[in-house]
Amino acid sequence: MKLTNIALGIATAAAIFVAGCVSSPQTVSEESLGLRKTDLYTEQTTVADKTMYKEAVPGTGVTFERAFENAPPMIPHSVDGMLPITIKDNQCTTCHLPGIAESMNATPIPKSHFTDFRPETHLSKDGKIVKNGKTVENTSDLLVSNRKLNDLAGARFNCSQCHAPQSEGQLVDNNFKADFRATDANKASNLIDNINEGVK
Ligand code: HEC
Ligand code: HEC
């Protein structure tokens with residue numbers, strides 16, 4: 001092989017090599033694929049952030065901004081000794097029931113929680129399906145109801161099913177930014193007004 005051919009060969013190989021380097025995507029090793037900073041394949045150096053709930057007793061907490069419009073507000077105070085909620089012991093209601101809440105400086109439980117959205121359903125003596133007093137063909141007929149109750153709806157009794165205390169020190173930041181249609185919708189809810197809009 002002539003010297004010029006060798007030189008040409010080397011130049012071509014170098015060009016291909018450079019091109020390969022430029023276009024090759026950055027790689028991430030499998031060990032570092034997780035959200036955590038430590039090796040995905042070993043737990044030895046991995047220590048989770050301690051879950052630390054607010055210790056502020058009710059009355060001293062600062063409420064959280066709502067996560068999105070009409071999202072259930074999160075609990076800004078300690079729930080020590082209040083959970084689990086049982087049929088005989090629901091301390092949440094002792095401060096948050098309307099009529100008491102105002103004097104406790106707590107947000108009153110909203111009207112939506114005193115509404116039954118489930119149609120009252122039973123079988124008539126002759127085996128027909130009766131929903132909200134009307135005979136219907138199928139159980140899927142008439143799915144929602146909007147019945148005002150004097151007492152807290154049973155479906156809302158277990159507050160901590162939807163309202164939860166928040167821990168400090170998150171592993172991953174939540175960057176979600178909600179859009180609120182009204183100026184104070186980030187600190188109060190108006191679900192029942194939305195539901196009843198245009199309803200007479
Ligand atoms: C001793 C009275 C008391 C008890 C018991 C209590 N709370 Fe509260 N709660 C308050 C007060 C006062 C506030 C206002 C913020 C603060 O001071 O922490 C509040 C705030 C809240 C908020 C935030 C409301 C908003 O508008 O952002 C939620 C949600 C809440 N409490 C849920 C609960 C739940 C669920 C329970 C039961 C596990 C409970 N609370 C028990 C007094 C109480
Ligand atoms: C099935 C889920 C669910 C349960 C159970 C539930 N809530 Fe709510 N709560 C919500 C949602 C959703 C909202 C916001 C929309 C609305 O007003 O209905 C809310 C709103 C609230 C608010 C804010 C009202 C306002 O004017 O901004 C308070 C206070 C509250 N709930 C307290 C309670 C308490 C106390 C209990 C238990 C007795 C409870 N909730 C049970 C879902 C729930």
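All residue numbers in this chain count up from 1 along the given sequence.
- Ring orientation note: the planes of His113 and His163 are tilted relative to one another, at an angle of 30° to 60°.
- Phe114 and Ile85 end up in the same hydrophobic cluster when Ile, Leu, Val, Met, Phe, Trp and Tyr side chains are linked at under 4.5 Å.
- Counting heavy-atom neighbours within 6.0 Å of Arg156 CZ, excluding the residue itself, gives a total above 12.
- Here the straight-line distance linking atom NE2 of His96 with atom SG of Cys159 works out to 8.0 Å at 0.5 Å rounding.
- Thr38 and Thr46 are linked by a side-chain donor-acceptor pair at a separation below 3.5 angstrom, with hydrogens and angles left out of the test.
- Counting only N and O atoms by type, the side chains of Asn138 and Ser140 include no donor and acceptor under 3.5 Å apart.
- Taking CG of Asn174 as the start and CZ of Phe176 as the end, the distance is 8.0 Å to the nearest 0.5 Å.
- Side-chain contact annotation: Thr115 with Ser112, donor-acceptor N/O pair under 3.5 Å absent.
- Put simply, CD on Glu69 and CG on Asn194 are 6.5 Å apart, with the number rounded to the nearest 0.5 Å.
- Side chain of Asn105 to backbone of Gly59: no donor-acceptor contact under 3.5 angstrom is found.
- The two residues Pro98 and Ile109 have their closest heavy-atom pair at CG-O, 3.5 Å.
- Nearest approach of Ala101 to Pro108, heavy atoms of both residues: CB-CA, 3.6 Å.
- For Thr93 (side chain) and Leu97 (main-chain N/O), no donor-acceptor pair under 3.5 Å exists by modelled atom type.
- Around the CD atom of Glu102, the shell of radius 6.0 Å holds more than 12 heavy atoms that belong to other residues, nucleotides or ligands.
- The side-chain heavy atoms of Glu137 and Lys128, taken from C-beta on, include no pair separated by under 4.5 Å.
- Asn70 contributes no side-chain N or O that, together with a main-chain N or O of Ser189, makes up a donor-acceptor pair within less than 3.5 Å.
- Side-chain contact check for Gln166 versus Tyr53: every heavy-atom pair is 4.5 Å or farther apart.
- Using a distance-only test at 3.5 Å, with no hydrogens or angles considered, no donor-acceptor pair links the side chain of Thr42 to the main chain of Asp39.
- Side-chain contact between Phe117 and Ile195 is present, with heavy atoms from C-beta onward closer than 4.5 Å.
- Taken from NZ in Lys111 to CG in Leu149, the straight-line distance is 13.5 Å, to the nearest 0.5 Å.
- Under the 4.5 Å side-chain contact rule for hydrophobic residues, Phe180 and Met74 do not share a cluster.
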Step-by-step side-chain contact (heavy atoms from CB on, under 4.5 Å) determination, Leu123 to Val130: CA-CA 6 Å; Leu123 282 182; Val130 181; over 6 Å; no
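- Between Ala155 and Arg118 the shortest heavy-atom distance is CB-NH2, 3.7 Å.
- Contact annotation: the side chain of Val62 never approaches that of Pro76 to less than 4.5 Å [non-hydrogen atoms, C-beta and beyond].
- Ser78 contributes a side-chain N or O that, together with a main-chain N or O of Asp80, makes up a donor-acceptor pair within less than 3.5 Å.
- Taken from CZ in Arg66 to CG in Asn186, the straight-line distance is 8.5 Å, to the nearest 0.5 Å.
- Between Ile129 and Thr121 there is a side-chain heavy-atom pair separated by less than 4.5 Å.
- Side-chain N or O atoms of Lys131 include one that pairs as donor or acceptor with a backbone N or O of Asp141 at under 3.5 Å.
- A heavy-atom distance below 4.5 Å is not found between the side chains of Cys95 and Met82.
- Under a hydrophobic-cluster definition in which Ile, Leu, Val, Met, Phe, Trp and Tyr are linked whenever side-chain heavy atoms come within less than 4.5 Å, directly or via other members, Val79 and Val57 are assigned to different clusters.
- Separation of atoms CZ (Phe157) and CG (Asn90) is listed at 4.0 Å; rounding is to 0.5 Å.
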Step-by-step side-chain contact (heavy atoms from CB on, under 4.5 Å) determination, Glu197 to Asp193: CA-CA 6 Å; Glu197 204 177 301; Asp193 301 332; over 6 Å; no
Intermediate values then yes/no, side-chain contact (heavy atoms from CB on, under 4.5 Å), Glu30 and Tyr41: CA-CA 9 Å; Glu30 206 167 81; Tyr41 287 126; 2.4 Å; yes
